Amino acid sequence: MNSIYIILIFVLLFLTISNTGIAAESGREAPKIDKMVPDKLKTATFSMGCFWGPDVIFGGIEGVWKTRVGYAGGKMENPTYHNLGSHTETIQLEYDPEQITYKELIEIFFDNHNPYRKAYGSQYKSIVFYHNKIQKEIFEDYVANLDNERQVYTELKEYNEFYYAEFYHQKYRLQSYNNIMSELKNMYSSDQEFINSTLTARLNHYVGSKSGMDLFEKEKEFYGLELETIDWLKNFIKE
Ligand code: MHO
């Protein structure tokens with residue numbers, strides 16, 4: 001008999017705790033698109049100049065679900081923007097290989113920076129960090145088949161460690177749009193969630209490039225944004 005009461009008390013206690021948990025979270029509803037992220041994502045890591053640009057570009061690629069910027073390739077632990085050591089500005093992506101291939105990502109990588117120029121310093125080097133043998137071979141094949149004689153300065157390195165850049169560098173272009181940011185603040189409970197959100201990756205692409213209308217039209221119902229914001233974006237995106 002006694003044990004039944006004890007169990008009952010625990011059940012009630014659990015219900016109370018879980019309820020306050022939900023209540024505390026009320027008003028914070030992650031956008032639907034962030035719940036649609038496929039399970040089996042793969043990671044790609046590239047350095048291609050200032051990381052703000054590639055964050056905008058890859059954020060608008062269908063099949064790329066997450067982007068984040070940071071530092072990689074150097075020796076120092078916990079680098080920061082103003083104390084980089086030998087690290088390089090780097091973008092890291094999570095993509096669905098059934099929607100986009102690594103070869104296609106490599107194409108985007110080459111099309112969006114100049115791999116034929118030697119970088120002035122380690123901060124802006126061109127690097128492909130491969131996560132496995134297949135990625136390495138795809139990169140090597142791609143370079144071997146470039147039909148020109150110019151020297152490619154892109155380095156090929158085995159992926160080792162990626163340090164997140166400071167929050168203000170993440171989805172950098174998006175962060176300057178206060179109208180959208182104030183709405184987003186109600187959707188995420190941490191910086192980490194904001195950084196790794198598909199919605200923020202997409203929005204950063206739209207405001208940073210004024211393009212991506214097709215993807216916008218396709219996905220906008222899953223963004224969970226106010227109608228006013230959707231209309232504002234529709235006008236803002238040019239193509
Ligand atoms: N200092 C350059 C590049 C910034 S990027 C994070 C600029 O202000 O545009 O290296």
Side-chain angles (χ1 to χ4, degrees), residues 43-61 64-95 105-131 139 151-157 159-182 184-185 188 190-212 236-239:
T43 308
T45 309
F46 304 127
S47 302
M48 45 197 289
C50 172
F51 49 30
W52 297 339
D55 205 7
V56 166
I57 290 155
F58 284 109
I61 301 293
V64 172
W65 291 85
K66 298 176 186 196
T67 72
R68 46 191 170 254
V69 297
Y71 313 112
K75 290 203 171 69
M76 194 170 74
E77 276 182 36
N78 304 315
T80 62
Y81 188 61
H82 295 290
N83 191 12
L84 260 187
S86 51
H87 286 284
T88 301
E89 290 193 25
T90 299
I91 173 119
Q92 189 162 72
L93 323 168
E94 288 186 50
Y95 66 99
L105 295 175
I106 288 288
E107 263 162 33
I108 298 169
F109 167 82
F110 276 108
D111 287 350
N112 286 282
H113 78 299
N114 185 356
Y116 302 109
R117 196 191 59 196
K118 196 168 164 50
Y120 295 115
S122 47
Q123 182 172 2
Y124 298 123
K125 273 186 186 172
S126 170
I127 310 172
V128 166
F129 293 94
Y130 62 90
H131 289 253
F139 171 84
Q151 182 182 349
V152 173
Y153 283 95
T154 305
E155 291 175 27
L156 180 63
K157 288 185 171 184
Y159 176 74
N160 176 20
E161 187 136 32
F162 174 86
Y163 296 95
Y164 277 66
E166 295 79 353
F167 182 72
Y168 77 94
H169 284 301
Q170 308 289 344
K171 315 290 184 286
Y172 183 82
R173 304 298 300 278
L174 171 61
Q175 289 205 48
S176 65
Y177 288 85
N178 292 330
N179 56 335
I180 308 180
M181 286 301 285
S182 59
L184 293 178
K185 290 213 170 88
Y188 306 102
S190 68
D191 288 357
Q192 202 66 12
E193 255 181 49
F194 174 93
I195 295 169
N196 284 305
S197 158
T198 306
L199 176 61
T200 59
R202 297 291 189 256
L203 295 174
N204 188 51
H205 174 77
Y206 301 138
V207 299
S209 68
K210 296 196 171 186
S211 71
F236 190 82
I237 302 170
K238 293 273 188 298
E239 46 177 336

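Remember, it's 1-based here, ligands and their atoms both numbered in the order they're listed. In this text, all values refer to a predicted model and were calculated from it rather than measured experimentally.
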Fill in: Y177: partners by ring pair (Phe, Tyr, Trp, His ring centres under 6.0 Å), with sequence neighbours left out
W232, F236

Discussion item. So, using salt bridge (Lys or Arg N to Asp or Glu O under 4.0 Å) as the criterion, who are the partners of R173 when residues are at least two apart?
Written reply: none

Discussion item. When you compare the side chain of R202 with that of S197, does any pair of heavy atoms fall below 4.5 Å?
Written reply: no

Item to complete: Dump the intermediate steps for side-chain contact (heavy atoms from CB on, under 4.5 Å) on Q123 and Y81, then the final yes or no.
Response: CA-CA 9 Å; Q123 182 172 2; Y81 188 61; 3.5 Å; yes

Worksheet item: Around K238, counting heavy atoms of other residues, nucleotides and ligands shown, do more than 12 lie under 6.0 Å from its NZ?
Response: yes

Give every donor-acceptor pair under 3.5 Å between a side-chain atom in residues 46-56 and any protein atom, sequence neighbours left out.
{"from": "S47", "atom 1": "OG", "to": "E89", "atom 2": "O", "distance (Å)": "3.4"}
{"from": "S47", "atom 1": "OG", "to": "T90", "atom 2": "OG1", "distance (Å)": "2.8"}
{"from": "W52", "atom 1": "NE1", "to": "H169", "atom 2": "ND1", "distance (Å)": "3.0"}
{"from": "D55", "atom 1": "OD1", "to": "T67", "atom 2": "OG1", "distance (Å)": "2.6"}
{"from": "D55", "atom 1": "OD2", "to": "K171", "atom 2": "N", "distance (Å)": "3.0"}

Response to the item:
Ordered by chain then number, the protein residues lying under 4.0 Å from ligand 1 by heavy atom are C50, F51, W52, Y81, E89, Q123, Y124, H169

